[in-house]
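One structure is given here, and the rest of the page talks about it.
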Amino acid sequence: MVYSLPEEVLEHVFSFITSDKDRNVVSVVCKSWYEIERWCRRKVFIGNCYAVSPAIMIRRFPEVRSVELKGKPHFADFNLVPEGWGGYACSWIDEMSRSYPWLEEIRLKRMVITDESLELISTSFKNFRVLVLSSCEGFSTDGLSAIAANCRNLRELDLQESEVMDLSGHWLSHFPDTFTSLESLNMSCLGSEVSFSALERLVAMSPNLKTLRLNRAVPLGKLSTLLQQAPQLVELGTGAYSSGIRSDVYSALSKAFLGCKELKGLSGFWDVDPSYLPAFFSVCSRLTTLNLSYATIRSPDITKVINLCPNLQRLLVLDHIEDSGLNALALSCKNLQELRVFPSDMYVADANVTLTEQGLVSVTQGCPKLQSVLYFCHQMSNSALITIAKNRPNLTCFRLCIIEPRTPDYLTHEPLDIGFGAIVKHCKNLSRLSLSGLLTDRVFEYIGTHAKKLDMLSIAFAGDSDLGLHHVLSGCESLKKLEIRDCPFGDTALLANVAKLATMRSLWMSSCAVSIGACKILSRKMPMLNVEVIDENGTLNPKLDNCLVEKLYVYRTVAGPRSDMPGYIWTMDRDSANKI
Amino acid sequence: MGPHEGLGLEITELRLGLPGGSGGGGGEKKRVFSGGGKNGNMDLVVGWPPVCLYKKNNICHVTKMYVKVSMDGAPFLRKVDLSCFKGYSELGMGLEKLFGCSGIGEAMKEESESCEYTAIYEDKDGDWMLVGDVPWLMFTETCKRLRIKRRSYANGSRLHGTNT
């Protein structure tokens, strides 16, 4: 006889289980657990907004308080997804406004959201607290005004890297006098000036403000005023970091930073005048995050800063840091977990910037906790990659971009197969990998054999044949996201691995060798996949099976084909008249 | 390898060649990239390198900014690249080296009368301005030419309006 615990007890137990994956596992134990779990699920994460519909989500989870949605494919960040592709938040907001009156948090990434939707959010959810719009677009400062005016309990407003139509800097003044709940504000993406008096007023009446990220237009002279009002800040994003030479900005700023005893993270730093850098030196010893990726300061200045930050865990920086700066980082920052080095000159190695593979090797040697790397450089060698792999087997994210496509090992002129092979072999917990340089099918054999925990893989200008893609699809058991551009991968590998695609979130292939005929077959065999062919140029003839597709996006879904596709997307369902 | 070798599902038909056999680099889909030369052909490749647009648009790209510099009494003009300097102090040092006008860097910082020289610049509107009032980057964007003036002690005024 099986005793079952009362529902309330189970619910209470489940309330301690917060991770989505664990929740999903709990829900399939048995029917009664499924029922109990779905009624008490408070947080939903949907990695592809087209994988499921709002109605399905609401039907299964009626009491949700927090929703996170992602829209466009990742390659949209690099301009590979044409305008009008989709990712519209509208239908989600509409349905949630009707069914989730107690919704508190909405987080969107790479989605299109309108002012009307923002207004609907602001009036529909009485307890609304968190709005995060990451790399979103489609809205203006008018929508922000509505949020400011109506969300009485707002705690977080984060517009990270979104494209906002800047109609007026006065949206900040729409926060009422009674509004005191703000904890986090990120407006760094806004192009034009906000009303400074409104900003000052807002900061003054927000005693719980912990994160403040200003936009470039906030002058350095005003920063000290704000810091004096908010010495409790934990994360600060400055505006432009320079001023005229004869002002007393420096001393006021220095004094203000001295007062910020809780500051752990700094970002911003547009237009840096290096002579103003010492103003924040007093906070360096406590810094755990530093984002200098917009600061075109030179290596000696960067090094000076780094040497003062022994507790740094996360550093984002331009390649101006050079190998010398990275050597200093390796010596000073033993707690470093994440490093991102961005290129300052997109195309050609700047003769004045000496950043090579050596800098990265140093850091992997000196920083035992390093887990996540994003590194843009102009040269790499297999021996460096092997050293990196052996130094840092605890890497979980390794994204290397050698700027010139198909660049071989600069010492031996060989492909970089064995180098990346070493990475996947030694770094057993690697979950994200981006490849670059000259690579043959061999590297994919290594990846398929060793990268068993790999969740996301990005490939560009690599491989020789379908065998490469086949190795990945047949070998990488944990693979959920695969994005490929400009590789000679085609029909054979795709059709030999159709079942795999149903276990993944999505597959993107552009400028590869996939034919429309294969897309038709894939679509027919796998009804649970949406197979979307992007034909921007209008040159595709769906009747000619041999015709190669420009861009292909395949994803699993329980919502069927989407109804908001632009004219340049072709699917089997849409052109059923053309089916063979 | 042709992309249309039937749609046979026997992937075992394909075999990995011996090292070097595939010739490295896969000749089929090569786009032409010139190794050297500014902006090679990489302008033409969309979305490469993979830096998100937001970042691309917001990093300040440094381009050369040569402006003429004249000094009272000097027989000929010089040219300086403003993008080489990080700020006013460095500009001051650079000018001192070029013209031997010692103290000009300090003079920019403090409006004292101690230095023999003053630096002024012509902005985009054609007005002559005192160097040092605006943030450095704003200055580099608006400065069209520089002039180092000798103070005139005779009439005690610090700065004459100029029309050069």
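With a 4.5 angstrom heavy-atom cutoff, A:Asp417 does not touch chain B via any of its atoms. Of the atoms belonging to A:Leu494, not a single heavy atom falls under 4.5 Å from chain B. For A:Ala240, no part sits under 4.5 Å from any heavy atom of chain B, backbone or side chain.
Between chain A and the residues B:Pro50, B:Gly47, B:Cys52, the largest count of heavy-atom pairs under 4.5 Å involves B:Pro50. Considering only heavy-atom pairs separated by less than 4.5 Å from chain B, the leading option among A:Pro219, A:Ser458, A:Pro408, A:Cys401 is A:Cys401. With chain B as partner, the option from A:Ser162, A:Ser243, A:Ala462, A:Cys189 having the largest number of non-hydrogen pairs under 4.5 angstrom is A:Ser243.
Ring centers of A:Tyr294 and A:Phe269: at least 6.0 Å apart, outside the cut-off.
Every residue meeting the side-chain hydrogen bond (donor to acceptor under 3.5 Å, both in side chains) condition with A:Asn537, not counting sequence neighbours, appears here in chain and number order: A:Glu550. Residues satisfying the side chain to side chain contact (heavy atoms under 4.5 Å, CB included) criterion with A:Lys109, sequence neighbours excluded, are A:Lys70, A:Ser134.
Ring geometry, A:Phe78 versus A:Phe75: the interplanar angle falls from 30° to 60°, so the pair is classed tilted.
A distance-only check finds a donor-acceptor pair linking the side chain of B:Asp72 to the backbone of B:Arg150 [under 3.5 Å].
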